[in-house]
Number of protein chains: 2
Amino acid sequence: MKNYGQYCPIAHALGIVGERWSLLLVRELLDGPKRYTDLVTGLPKIGTNNLAARLKDLEAAGVVEKRRLPPPAASTVYELSPYGQDLRPVIHELARWGARSLGPPPLHALEPGWLMHALDLALSPLARSGRFAFRIGDEEASLVDGRPVAGVVEDADVLVETDAVGFYHLVADRQLEGVRVDGDVALLESVLAAFGPTLLPA
Amino acid sequence: MKNYGQYCPIAHALGIVGERWSLLLVRELLDGPKRYTDLVTGLPKIGTNNLAARLKDLEAAGVVEKRRLPPPAASTVYELSPYGQDLRPVIHELARWGARSLGPPPLHALEPGWLMHALDLALSPLARSGRFAFRIGDEEASLVDGRPVAGVVEDADVLVETDAVGFYHLVADRQLEGVRVDGDVALLESVLAAFGPTLLPA
DNA sequence: CTGGATCCCTCACGATACTG
DNA sequence: CAGTATCGTGAGGGATCCAG
């Protein structure tokens, strides 16, 4: 992509990761190294030529590194360089901004692992202490002292059970309809109360 | 722009501001309302048709608002909605990330007001207290208790005078060559010492 | 099966000219 | 000043094909 013709850190950053698909590619790699095929399945609508081009660009920019796994797992994986890892705060802010106008989820076709990402995004800054467990649809994850972990943790302070739409309204509107809460309800509500308005005021 | 086909706050956010020029447009408007022509001069390489299209998209998405100024200043200005203002943390993080691989500035063709933006970006999180004044090339700005203000403030704790390249090396490498510092040098150095490594390790 | 490269088609972008 | 009209180019999307 051509440059923006300005000496500006924002324009420069966008020259590196501003192309279509680039930041979504980084999002995929934030969960760890992935193979080419994993990236294709994680980004179904990207053309393979485009994926190869984006990977090449990001590699040339020092954001992504290509590594051959040693035998017997002889395959190549792509992973973020340390500089690429530093995009995490950028993507985190972008996600929090986007979430405010995203609307409720479809009940189908959510990506595996979405709950851990959602907890990390929406609640981890708010629930720095306590043990929260979530069983949402067919996903399970917990928040232990602000860190998301997989599965329902033992002796949680509070356990939340609902589906994806119920979870959305829980964090977005603080509506508890259709949500089953076991344990310290007040603790959960105090965390949610720290949430500002999340929906687009318009 | 077509969607990314995923229920994901990042993909959704990129669907709104992910197109070429969109975030730079928001950057321009973060300084306050601007007229169409001001935007053209601030983004010299954008085509006017493209600018019109991006403005229309951002307005439809609730990020930008178009307002007619009352007579006698009968002109239309564009400004960020509250939701658009909330992009400031995103752009801030992006700028800090991009600055790490940006390299030293050209001595010419820096945009007016760059110094205030640079102070805001690089030093305002670090210098929450104290009065720092800067005279860099033909730009003047100060940092008062962490807030950037225009001009050289009276009775500053420290006054820094150099050119843009000297300023860059001051914040990037903490090199003081070619930099004239009046006042509390130790205070300035303590702020700079709080800066981590800023350049791409590669 | 993984890891791409190639082709084609469409549309978005960039430059410029033009208008209310 | 604030855009719209037009047009050429090139990047992105989709499908297919090929090599290890």
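Residue numbers start from 1 in every chain, and the chains themselves are labelled A, B, ... in the order their sequence lines are given, proteins ahead of strands. Quantities reported herein were computed from a predicted structural model and do not represent experimental measurements.
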Taking the nucleotide of DNA chain D with the closest heavy atom to each, which residue, B/T37 or B/N49, is nearer the 5' end?
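The residue closer to the strand's 5' end, by nearest nucleotide, is B/T37.
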[X] [atom1] to [N] [atom2]: how many Å, rounded?
| X | N | atom1 | atom2 | answer |
| --- | --- | --- | --- | --- |
| A/L43 | D/dG12 | CG | P | 14 Å |
| B/I46 | D/dA2 | CD1 | C1' | 14 Å |
| B/R54 | C/dA12 | CZ | P | 9 Å |
| B/L51 | D/dA2 | CG | P | 11 Å |
| B/K45 | C/dA15 | NZ | C1' | 12 Å |
| A/R67 | C/dT2 | CZ | P | 19 Å |
| B/D57 | C/dA12 | CG | P | 10 Å |
| B/L39 | D/dC1 | CG | P | 13 Å |

Between [X] and [N], is there a contact of a side-chain N or O with OP1 or OP2 at under 4.0 Å?
| X | N | result |
| --- | --- | --- |
| A/R35 | C/dC1 | no |
| B/W21 | C/dA12 | no |
| A/Y4 | C/dC13 | no |
| A/T76 | C/dG3 | yes |
| B/Y78 | D/dG3 | yes |
| A/K56 | C/dG3 | no |
| B/R68 | D/dA2 | no |

Can you tell me how the ring of B/Y78 sits relative to the ring of B/Y36, calling it parallel under 30°, perpendicular over 60° and tilted otherwise?
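Correct class here is tilted.
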Base, sugar-phosphate or nothing for B/T48? Non-hydrogen atoms, less than 4.0 Å.
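Base contact.
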Test applied, side-chain contact (heavy atoms from CB on, under 4.5 Å); reference residue, B/I136; option that passes from B/L119, B/T162, B/V179:
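Between B/I136 and the candidates, side-chain contact (heavy atoms from CB on, under 4.5 Å) is satisfied uniquely by B/T162.
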Any idea which of [options] is nearest the [X] side chain?
| X | options | value |
| --- | --- | --- |
| B/E19 | C/dC13, C/dG4, D/dT4 | C/dC13 |
| B/Y36 | D/dC1, D/dG12, D/dT4 | D/dT4 |
| A/K66 | C/dA17, C/dG4, C/dC13 | C/dG4 |

Would you say B/Q6's side chain and A/G42's backbone share a donor-acceptor pair under 3.5 angstrom?
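The answer is yes, because a donor-acceptor pair under 3.5 Å joins these two groups.
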Trace of the salt bridge (Lys or Arg N to Asp or Glu O under 4.0 Å) decision for A/R147 with A/D145
CA-CA 6 Å; A/R147 275 199 314 281; A/D145 297 332; 5.8 Å; no
Do you know which two heavy atoms are closest between B/L58 and B/S22, and how far apart they sit?
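Scanning both residues, the minimum pair turns out to be CD1-O, 4.2 Å.
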